[in-house]
Number of protein chains: 2
Amino acid sequence: MKPKGLLTPQRKAILDVICASSDHPTAAEIMDRLRKRGSQFAYGTVYNTLKYLTETGQIQELRVGEACRYDARTEHHHHIQCTACGRVDEVFAPIPNEWAEEVARETGYLLDQDQLLLKGVCASCRAPTS
Amino acid sequence: MKPKGLLTPQRKAILDVICASSDHPTAAEIMDRLRKRGSQFAYGTVYNTLKYLTETGQIQELRVGEACRYDARTEHHHHIQCTACGRVDEVFAPIPNEWAEEVARETGYLLDQDQLLLKGVCASCRAPTS
DNA sequence: TTATTAATTAGAATAAGTCTAATTATAAAA
DNA sequence: TTTTATAATTAGACTTATTCTAATTAATAA
């Protein structure tokens, strides 16, 4: 079935939730937030919509940790996850070109400059009196 | 219960399989390979052992894609996954220091230099007459 | 209108992984 | 040695994230 690409009320509500979130929510968190707004859709609808929005470039899917997370920012950027609390933040510093070339040479891969996942410990997890 | 850290026959067999694999197998693939060698252990044993071997630094756990993968190489290095076929390869080129500092400054994270996951398209997936 | 097909729905199915309670194995103490 | 304590293994139930399926609803085109 070829999709018509309609912005149905369900798709709009889901996109709205993602755009209103800066914490890269998972599908489950998106469903929670929809419920709080008074909308409740079938699992299948939410997952289909997330796939549709990703494929049409309206959101970005991040495979990090055990569940996929979704990001309304579609500009080129990377992500970093805290190994202590699991939160995911944006990284806008671009990869240095020489390093990208070195990696390409070493591995034979054509690098996707957008899809970098770093790990570390976030500021609040490092705070002394947390 | 404090573990004694025994190298039981099960643990040895599992470690052997990982050491004999250069393709970062998943738990399911490890179980397959054990079966082919004539060993078959309980799910729980395999998962417990993978956790134990990871915690004692004998192997490295990679959270990439939908399933964890395991790597016998424990030296500092990164990984790159092919967005076409899913294979995972090693990357030994170290992150440039200035870039790491820039990311740390931007995000407030304390970077874990070891845990970088890149994406790209591997040489064979780029081959013309594949 | 009617036909066609896209989108949604509820719920079953799958896959990765964890948990539990019972059993087996091993090492230390008596 | 035998007993005791406890670590490791086992089978299988359970959880969580996600996909699939078949039926229904909605919307567009003829």
Side-chain angles (χ1 to χ4, degrees), chain A residues 1-18 21 23-35 37-56 58-71 81 86 88 117, chain B residues 1-18 21 23-35 37-56 58-71 81 86 88 117:
Chain A
M1 53 174 95
K2 73 189 66 128
K4 285 190 184 169
L6 298 179
L7 191 62
T8 62
Q10 289 88 339
R11 288 178 175 177
K12 184 165 180 348
I14 292 165
L15 182 56
D16 281 352
V17 164
I18 299 169
S21 304
D23 61 343
H24 313 88
T26 62
E29 287 164 347
I30 291 166
M31 283 194 271
D32 270 356
R33 293 172 199 186
L34 285 167
R35 215 170 296 122
R37 293 179 170 212
S39 313
Q40 182 156 305
F41 313 131
Y43 270 119
T45 302
V46 175
Y47 280 104
N48 283 343
T49 297
L50 292 171
K51 184 188 261 184
Y52 161 78
L53 292 172
T54 301
E55 279 166 0
T56 56
Q58 298 179 69
I59 61 172
Q60 204 186 342
E61 183 182 79
L62 314 176
R63 303 200 128 271
V64 30
E66 29 242 84
C68 279
R69 293 173 169 277
Y70 297 89
D71 190 347
Q81 185 176 36
V88 176
L117 179 63
Chain B
M1 54 176 93
K2 72 190 66 128
K4 285 189 185 168
L6 298 178
L7 191 62
T8 63
Q10 289 88 340
R11 288 178 175 178
K12 184 166 180 347
I14 291 165
L15 182 56
D16 281 353
V17 164
I18 299 168
S21 304
D23 62 342
H24 313 88
T26 62
E29 287 164 347
I30 291 167
M31 283 195 270
D32 270 356
R33 292 171 200 186
L34 285 167
R35 215 170 295 122
R37 292 177 170 212
S39 312
Q40 182 155 306
F41 313 131
Y43 269 118
T45 302
V46 175
Y47 280 103
N48 282 343
T49 297
L50 292 172
K51 185 187 262 185
Y52 161 78
L53 292 172
T54 301
E55 279 167 1
T56 56
Q58 298 179 69
I59 61 173
Q60 204 187 341
E61 183 182 79
L62 316 176
R63 304 200 127 267
V64 28
E66 29 242 85
C68 280
R69 293 173 170 276
Y70 297 90
D71 190 346
Q81 185 175 37
V88 176
L117 179 64

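Below, chains carry the letters A, B, ... as their sequence lines are ordered, and counting in each starts from 1.
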(request) Could you check Asn48(A), Val46(A), Thr49(A) and say which one makes a side-chain contact (heavy atoms from CB on, under 4.5 Å) with Phe41(A)? (result) Val46(A)
(request) Nearest-nucleotide wise, let me know which of Gly44(B) and Pro9(B) is further upstream toward the 5' end of DNA chain C. (result) Gly44(B)
(request) Would you kindly give the CD1-to-P distance between Ile30(B) and dG17(C), to the nearest whole Å? (result) 10 Å
(message) Can you measure Lys12(B) atom NZ to dA8(D) atom P for me and round it to whole angstrom units?
(response) 17 Å
(request) Measure from the side-chain heavy atoms of Leu6(A) and tell me the nearest of dT26(C), dA7(C), dT19(D). (result) dA7(C)
(request) Take the protein atom CG of Asn48(B) and the nucleotide atom P of dC19(C), then report the distance between them rounded to whole Å. (result) 10 Å
(message) What is the separation between atom OH on Tyr43(A) and atom P on dT21(D), rounded to the nearest whole Å?
(response) 19 Å
(request) May I have the distance from Gln10(A) (atom CD) to dA26(D) (atom C1'), rounded to whole angstrom? (result) 10 Å
(message) Does Glu66(B), at its CD atom, have more than 12 non-hydrogen atoms belonging to other residues, nucleotides or ligands within less than 6.0 Å?
(response) no
(message) Under 4.0 Å from OP1 or OP2 of dT18(D): is there any side-chain N or O of Tyr47(A) that close?
(response) yes
(request) Would you give the length of the straight line joining atom CG of Leu15(A) to atom OH of Tyr52(A), rounded to the nearest 0.5 angstrom? (result) 9.5 Å
(request) Using whole Å, report how far CZ of Phe41(B) lies from C1' of dG17(C). (result) 19 Å
(request) Would you indicate which nucleotide in dT18(D), dT9(C), dT9(D) comes nearest to any side-chain atom of Thr45(A)? (result) dT9(C)
(request) Check every atom of dG17(C), dT18(D), dT8(C) against the side chain of Ala67(B) and return the nucleotide holding the closest atom. (result) dG17(C)
(message) Check Lys51(A) with Glu61(A), please: is the shortest side-chain N to carboxylate O separation under 4.0 Å?
(response) no
(request) Measure from CE on Met31(B) to C1' on dA11(D) and round the result to the nearest Å. (result) 13 Å
(request) Looking only at side-chain atoms of Thr8(B), point me to the closest of dT8(C), dG17(C), dT9(D). (result) dT9(D)
(request) Please state how far atom CD in Gln40(B) lies from atom P in dT9(D), giving the value in whole angstrom units. (result) 15 Å
(request) Indicate yes or no for a side-chain donor-acceptor contact from Ser21(A) to the backbone of His24(A) under 3.5 Å, with no hydrogens or angles considered. (result) no
